[in-house]
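Down below is the structure, laid out as structure tokens.
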Amino acid sequence: MDRLQHVLDEIAEEAAAQDDRGLVAQYIPELAKVDPKQFGIAVALPDGRVLTAGNAATAFSIQSVSKVFTLSLALGKLGDSLWTRVGREPSGNPFNSIVQLEQEKGRPRNPFINAGAIAVADLILSGHEPREAIGEIVRFIRYLADDDAVRIDERVAASETAHGDRNASLAHFMRSFGTVTHPVDHVLGVYFHQCAIAMNCRQLARAGLFLACQGRNPLTSSQVVTAHRARRINAIMLMCGHYDGSGEFAYRVGLPGKSGVGGGILAIAPGTASIAVWSPGLDPVGNSKLGSTALEQLTKRMQWSVFGS
Ligand code: DON
């Protein structure tokens with residue numbers, strides 16, 4: 001264990017020394033204000049320990065990392081019928097692209113691109129008012145993180161709502177095909193609020209632990225999703241979790257992972273650990289630049305890649 005802490009400290013030191021940190025997301029004004037010099041990492045282990053380095057206690061906007069949790073929640077509610085609405089193939093396109101939607105008749109390629117996550121938000125909304133659906137998502141994440149301090153950053157939600165024309169286009173387009181069934185402003189209300197959830201690396205690593213433990217929360221012994229569902233969520237994270245950077249992430253890191261434009265990444269070493277890393281500067285595809293490098297170094301030094309050493 002000392003070795004893991006030593007590796008995390010080394011990685012945080014190396015990150016602190018980096019000048020080229022990428023660019024913070026500009027299209028959501030509230031995210032553009034975040035200081036790019038920050039870096040945090042946390043590793044949650046099945047025995048309950050969470051090891052950290054850097055700014056692991058600083059909350060950040062989880063953005064698209066939330067899509068892992070909404071997918072898990074929606075699969076629990078609907079089961080495999082979810083896949084009639086959303087595919088599970090890599091898109092090879094930017095996360096907010098609209099082109100494939102027309103070619104593929106309004107069925108998003110996967111639940112992690114924006115269109116797919118908006119379709120999943122529509123499913124979670126069934127039988128609820130928007131506020132109730134948002135509450136259900138937050139409660140689920142608080143339960144997974146074992147921390148009631150997880151909250152929504154309302155300023156980020158408002159900022160994205162005010163600049164959400166691209167997502168509104170995706171939602172309207174899907175509604176014309178029946179992939180989205182609720183009023184667009186309700187669905188986007190759910191989607192923007194899930195993206196605006198603020199968590200720190202410690203909480204996020206803890207919340208992802210069920211995916212490293214065959215769907216079980218090892219600390220409460222409750223089954224969050226079935227083991228085969230956890231395996232499949234990990235598979236989708238590996239193939240689709242970094243959009244058109246997914247191949248590069250699999251090549252360099254070799255773990256299922258999900259990024260967000262807030263600069264967070266959740267990565268899963270099945271059977272071993274759940275890892276959260278955060279650095280706000282992004283690469284040109286929209287994935288955390290130093291976060292990806294940190295995970296590459298971690299898997300290399302700990303030999304945690306699912307593909308071997
Ligand atoms: O909908 C959006 O554009 C953002 N709320 C989330 C995008 C995102 O995090 C993409 N991830 N790298």
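One-based numbering, in listed order, for ligands and for the atoms of each.
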What class does the angle between the rings of His242 and Phe249 fall in, given that below 30° is parallel, 30 to 60° is tilted and above 60° is perpendicular?
parallel
For Met302, give me all partners under side chain to side chain contact (heavy atoms under 4.5 Å, CB included), at least two apart in sequence or on another chain.
Arg3, Leu4, Val7, Leu298, Trp304
Taking only residues two or more places apart in sequence, or in another chain, which ones meet Asp153 in a salt bridge (charged side-chain N to carboxylate O under 4.0 Å, His left out)?
Arg155
Contact table, ligand 1 N/O with protein N/O, distance under 3.5 Å:
residue, atom, partner, partner atom, Å
ligand 1, 1 (O), Asn114, ND2, 3.0
ligand 1, 1 (O), Glu160, OE2, 3.0
ligand 1, 1 (O), Asn167, ND2, 2.9
ligand 1, 1 (O), Tyr191, OH, 2.6
ligand 1, 3 (O), Tyr27, OH, 2.6
ligand 1, 3 (O), Asn114, ND2, 3.1
ligand 1, 5 (N), Gln63, OE1, 2.6
ligand 1, 5 (N), Glu160, OE1, 3.0
ligand 1, 5 (N), Glu160, OE2, 2.5
ligand 1, 9 (O), Ser64, N, 3.1
ligand 1, 9 (O), Ser64, OG, 2.5
ligand 1, 9 (O), Val261, N, 2.8
ligand 1, 11 (N), Ser64, OG, 3.4
ligand 1, 11 (N), Tyr243, OH, 3.3
ligand 1, 12 (N), Gly286, O, 3.2

Ser259 side chain to Ile265 main-chain N or O, any donor-acceptor pair under 3.5 Å?
no
Scan for salt bridge (Lys or Arg N to Asp or Glu O under 4.0 Å) pairs involving residues 107-129, sequence neighbours excluded, and state none if there are none.
Arg85-Asp122, Glu104-Arg109
Salt bridge check: are Lys289 and Asp20 linked by an N-O gap of less than 4.0 Å?
yes
